[in-house]
Amino acid sequence: MNAAPMQAVRGMNDVLPAEAARWQFVEGVIREVAAGYGYREIRPPLVEKSALFCAAIGEATDIVEKEMYSFADRGGESLSLRPEATAGCMRAGIEHGLFHNRGARLWYAGPMFRRERPQKGRYRQFHQFGVEAVGWRGPDIDAEILLLGARFFRRLGIRGLRLEINTLGGAGGESRARYRAALVDYLQKNQADLDEDSRRRLHKNPLRVLDSKNPAMAGVIAGAPQITDCLNAADEEFFSALRGLLDAAAVAYTVNPRLVRGLDYYTGPVFEFVTDSESLGAQNAVCAGGRYDGLAETLGGRPAPAAGFACGLERIIALAAAEGGGGAAPDAYLIDVGEGDGGGASDALAIAETMRDAGLAIQCNRGGGAMKKQMKRAHRSGAAFAVILAADERAAGKVTVKPMHGGEQRTVGIKDAVQIIKSEKQWP
RNA sequence: GUGAGCGUAGCUCAGUCGGCAGAGCUCCGGAUUGUGAUUCCGGCGGUCGUGGGUUCGAUCCCCAUCGCUCACCCCA
């Protein structure tokens with residue numbers, strides 16, 4: 001090794017075979033659960049015009065200001081790797097008339113890119129699963145996506161998740177504006193108690209002061225006015241209707257008046273599924289979303305109400321009850337002794353193909369080796385059976401089937417071997 | 001962008017107040033010639049992240065640099 005070895009780009013991870021099985025499992029659950037609610041997959045491109053994200057997410061957000069992977073296309077137009085998928089989904093739906101006089105239930109899953117400093121549970125290329133329900137005023141659709149999310153986590157066997165909900169006030173922004181004024185007023189009066197970050201946010205995005213992780217801020221935050229006190233009648237009714245639907249569906253939640261969202265497009269109810277698990281480090285949100293009734297219009301489409309969420313798949317996989325097995329073990333390992341090292345394997349190849357035709361996964365020994373050696377490899381492969389093909393078997397036109405987890409081995413014809421292995425193979 | 005910690009074998013890590021570089025696991029071979037989780041023996045594998053400096057001598061001390069990790073900011 002003379003040249004320095006190539007390395008992956010910082011914050012972009014390889015999914016190695018040992019982990020890939022877990023990803024496949026999660027992806028399978030995504031398809032199953034989404035289909036179960038009548039959501040259909042959409043696959044927007046990974047690259048969009050930068051202007052789309054600026055308009056949708058907000059010019060002044062950190063994502064747009066400093067976290068986007070942007071580059072100039074030939075001809076000079078600025079393009080960006082998508083930092084989230086909602087903007088692309090909405091753009092695609094408007095462009096192709098998916099929302100024209102009708103509702104659309106959409107889901108997506110795939111990589112997103114944000115140039116942040118990596119840390120536990122946060123990477124520069126990460127993956128999200130999300131849903132977008134466009135065209136319903138709610139709150140029944142808000143409840144539906146929360147049910148979908150809750151079922152998704154249940155199906156994955158993830159426990160210890162807490163659902164927190166809040167509202168930012170409806171699309172008109174009346175409640176939000178009133179609350180914002182009250183909050184700014186309060187914070188200015190208590191400016192002496194604010195830390196540096198909070199003072200900066202006071203002007204830039206006052207709602208985010210409520211999000212501060214600084215324990216010293218807890219007192220000021222606790223005394224701050226709450227948005228629930230500033231809601232107009234319509235927003236109040238919407239939020240309480242949503243809570244009623246969740247209660248009726250027996251979905252557990254807590255109202256967190258300090259829950260706010262980072263992206264500009266949110267309006268109305270917002271929510272997060274959070275965990276206290278150590279395995280996410282300083283991160284605690286695995287899924288977050290809400291309502292964004294103004295986004296379609298912002299992107300140049302006809303006005304359309306919308307609600308959705310996004311889940312961080314790396315975070316979900318880190319939480320998912322680790323084992324799903326170390327990865328796909330074959331049903332049987334074919335031991336092939338004699339006939340020279342690897343040279344006389346032609347009958348072994350044919351036998352393996354026959355067994356595969358019968359629906360079994362067969363891993364063949366490669367590279368020769370004594371019986372003992374091959375048996376060792378068979379063990380390591382995780383296969384439930386070893387199928388032995390040596391001089392005796394060849395002479396008899398049979399194979400020996402040996403259960404690796406105990407029991408008698410038997411020398412039988414290939415059809416019987418397939419039957420023996422199939423009868424033991426059981427899937428839930 | 002800011003701060004802290006860490007870079008020694010494929011993996012997990014010891015180590016020397018500066019004196020020839022270690023262990024476990026993995027891998028390969030063997031313990032009377034057709035049988036795998038144990039046990040025993042042997043072997044492969046490292047310019048101690050990189051580049052300078054101090055020194056008779058640096059993996060160890062100093063400086064720089066690159067990389068990784070964690071945290072802040074922000075967010076899924």
Side-chain angles (χ1 to χ4, degrees), chain A residues 1-11 13 16 18 57-58 60-67 83-86 109-130 149 195-198 200-201 204-205 208 211-214 260-263 271-275 278 280-290 308-319 333 335-338 365 367 369-394 400-406 408-409 411:
Chain A
M1 240 180 281
N2 293 326
M6 287 289 191
Q7 276 183 301
V9 174
R10 180 204 288 268
N13 303 121
L16 301 176
I57 300 170
T61 58
D62 276 15
I63 290 180
V64 169
E65 265 180 6
K66 49 189 202 193
E67 293 173 5
E84 55 97 60
T86 295
M112 311 293 162
F113 304 85
R114 261 124 97 158
R115 199 180 183 291
E116 306 174 88
R117 201 72 171 262
Q119 68 189 66
K120 187 171 245 186
R122 178 210 278 164
Y123 309 100
R124 289 184 171 182
Q125 174 176 325
F126 63 105
H127 296 73
Q128 287 186 328
F129 154 55
D195 62 13
E196 196 183 329
D197 279 333
S198 298
R200 181 169 47 78
R201 290 183 187 138
K204 190 179 156 193
N205 193 344
R208 297 213 63 82
D211 241 4
S212 178
K213 282 183 187 169
N214 185 348
V260 292
R261 310 261 60 249
L263 283 44
F271 58 87
E272 277 182 8
F273 287 90
V274 297
T275 178
E278 305 265 308
L280 288 190
Q283 268 57 247
N284 70 340
V286 299
C287 175
F309 66 64
C311 297
L313 295 187
E314 279 80 0
R315 294 183 182 180
I316 284 167
I317 283 170
L319 284 183
Y333 187 97
I335 289 174
D336 170 24
V337 179
N365 186 72
M371 169 72 79
K372 187 184 189 70
K373 168 94 311 187
Q374 297 197 32
M375 191 60 73
K376 212 169 185 173
R377 293 181 184 142
H379 173 74
R380 213 171 295 149
S381 77
F385 290 89
V387 173
I388 301 165
L389 179 62
D392 293 353
E393 286 80 5
R394 266 188 251 266
T400 295
V401 179
K402 176 189 168 78
M404 298 301 283
H405 303 303
E408 289 286 302
Q409 71 181 40
T411 300

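Computed over heavy atoms, backbone and side chain alike; hydrogens, waters and symmetry mates excluded. The structure displayed is predicted, hence computed values, not measured ones.
Pairing for B:C72 is with B:G1, a Watson-Crick or G-U wobble pair whose two hydrogen-bonding atom distances lie under 3.5 Å. Applying the Watson-Crick and G-U wobble criteria (two distances, each under 3.5 Å), B:A58 pairs with nothing in any strand. Under the Watson-Crick and G-U wobble criteria, each requiring two contacts below 3.5 Å, nucleotide B:C27 is paired to B:G43. For B:C6, the paired nucleotide is B:G67, the pair qualifying as Watson-Crick or G-U wobble because both relevant distances are below 3.5 Å. Base pairing of B:C20: no nucleotide in any strand meets the Watson-Crick or G-U wobble criterion (both distances under 3.5 Å).
Here the side chains of A:Val274 and A:Asn284 are in contact, with some heavy-atom distance below 4.5 Å. Side-chain contact between A:Glu84 and A:Ile57 is present, with heavy atoms from C-beta onward closer than 4.5 Å.
Counting any heavy atom pair closer than 4.0 Å across all strands shown, A:Cys311 reaches no nucleic acid atom. Contacts of A:Tyr123 with the nucleic acid, taken as non-hydrogen atoms under 4.0 Å apart, include base atoms. When heavy atoms are screened at a 4.0 angstrom cut-off, A:Gly121 is found touching base atoms of the nucleic acid. As judged by a 4.0 angstrom heavy-atom cut-off over every strand, A:Ala378 is placed among residues making no nucleic acid contact. Using a 4.0 Å heavy-atom cutoff across all strands shown, A:Arg117 reaches at least one base atom of the nucleic acid.
Side-chain atoms of A:Arg114 do not come within 3.5 Å of backbone N or O of A:Ile63 as any donor-acceptor pair. The closest donor-acceptor contact from the side chain of A:Glu314 to the backbone of A:His127 lies under 3.5 Å.
When distances run from any side-chain atom of A:Ala282 to the nucleotides B:C72, B:G67, B:G36, the shortest one goes to B:C72. Here the side chain of A:Met371 is nearest to one of B:G29, B:A76, B:U35, namely B:U35. Closest to the side chain of A:Thr400, from the set B:G36, B:G34, B:C75, is B:G34. With B:G34, B:C68, B:A71 as the choices, the nucleotide that has an atom nearest any side-chain atom of A:Arg10 turns out to be B:C68. In the set B:A71, B:A76, B:U35, the nucleotide with an atom closest to the side chain of A:Lys120 is B:A71. Set against B:G67, B:G36, B:A76, the side chain of A:His379 has B:G36 as its closest nucleotide. Comparing B:G34, B:A76, B:G67 by their nearest atom to the side chain of A:Ile388 picks out B:G34. Nearest nucleotide to the side chain of A:Gln7, out of B:U35, B:G67, B:C75: B:G67.
Between A:Ala8 and A:Lys66, it is A:Ala8 whose nearest contact on RNA chain B lies nearer the 5' terminus. Residue order along RNA chain B, read from the 5' end via each residue's closest nucleotide, puts A:Gly11 first among A:Gly312 and A:Gly11.
In this structure, CG of A:Asn13 is placed 14 Å from C1' of B:G67, rounded to the nearest angstrom. Summarising the geometry, the separation between NZ on A:Lys372 and C1' on B:C28 is reported as 15 Å, rounded to the nearest angstrom. The distance from atom CZ of A:Phe113 to atom C1' of B:A76 is 15 Å, rounded to the nearest whole Å. Between the C1' atom of B:U35 and the CG atom of A:Asn365 lies a distance of 13 Å, rounded to the nearest Å. In this structure, A:Met375 atom CE and B:A37 atom P are separated by 10 Å, rounded to whole Å. One interatomic measurement links the two molecules: CG of A:Leu319 to C1' of B:A76, which rounds to 12 Å at whole-angstrom precision. When rounded to the nearest whole Å, the span between CD of A:Glu116 and P of B:A71 equals 13 Å. The nearest whole Å value for the distance from the CE atom in A:Met6 to the C1' atom in B:C66 is 15 Å.
The base of B:U35 is paired with the side chain of A:Gln409 by a donor and an acceptor separated by under 3.5 Å. Put simply, the side chain of A:Glu393 and the base of B:G34 share a donor and an acceptor less than 3.5 Å apart. Checked by distance alone, A:Arg380 brings no side-chain donor or acceptor within 3.5 Å of a matching partner on the base of B:C27.
Annotation: B:C40 and B:C62 have their P atoms spaced 42 Å apart (nearest Å). Taking atom P on both B:U59 and B:A21, the two are 9 Å apart, rounded to the nearest angstrom. Taking atom C1' on both nucleotides, B:G51 is separated from B:C66 by 10 Å, rounded to a whole Å. The same atom, P, is picked in B:G45 and in B:C13; the two are 24 Å apart, to the nearest Å. When the C1' atom is used for both B:U33 and B:U38, the distance is 23 Å, rounded to whole Å. One C1' atom belongs to B:C61, the other to B:U2, and the distance between them is 29 Å to the nearest Å. Between B:C63 and B:A4, the distance separating the two P atoms is 14 Å to the nearest Å. A distance of about 35 Å separates the P atoms of B:G15 and B:C73, rounded to the whole Å.
Using a 4.0 Å cut-off, some side-chain N or O of A:Gln119 falls inside it from OP1 or OP2 of B:C72.
In this structure, A:Thr411 OG1 and A:Asp392 CG are separated by 8.0 Å, a value rounded to the nearest 0.5 Å. If you take CG on A:Asn13 and CD on A:Gln125, they are separated by 8.5 Å, rounding to the nearest 0.5 Å. Rounding to the nearest 0.5 angstrom, the gap separating the CD atom in A:Glu67 from the CZ atom in A:Arg124 is 10.0 Å. If you take CD1 on A:Ile388 and CZ on A:Phe385, they are separated by 12.5 Å, rounding to the nearest 0.5 Å.
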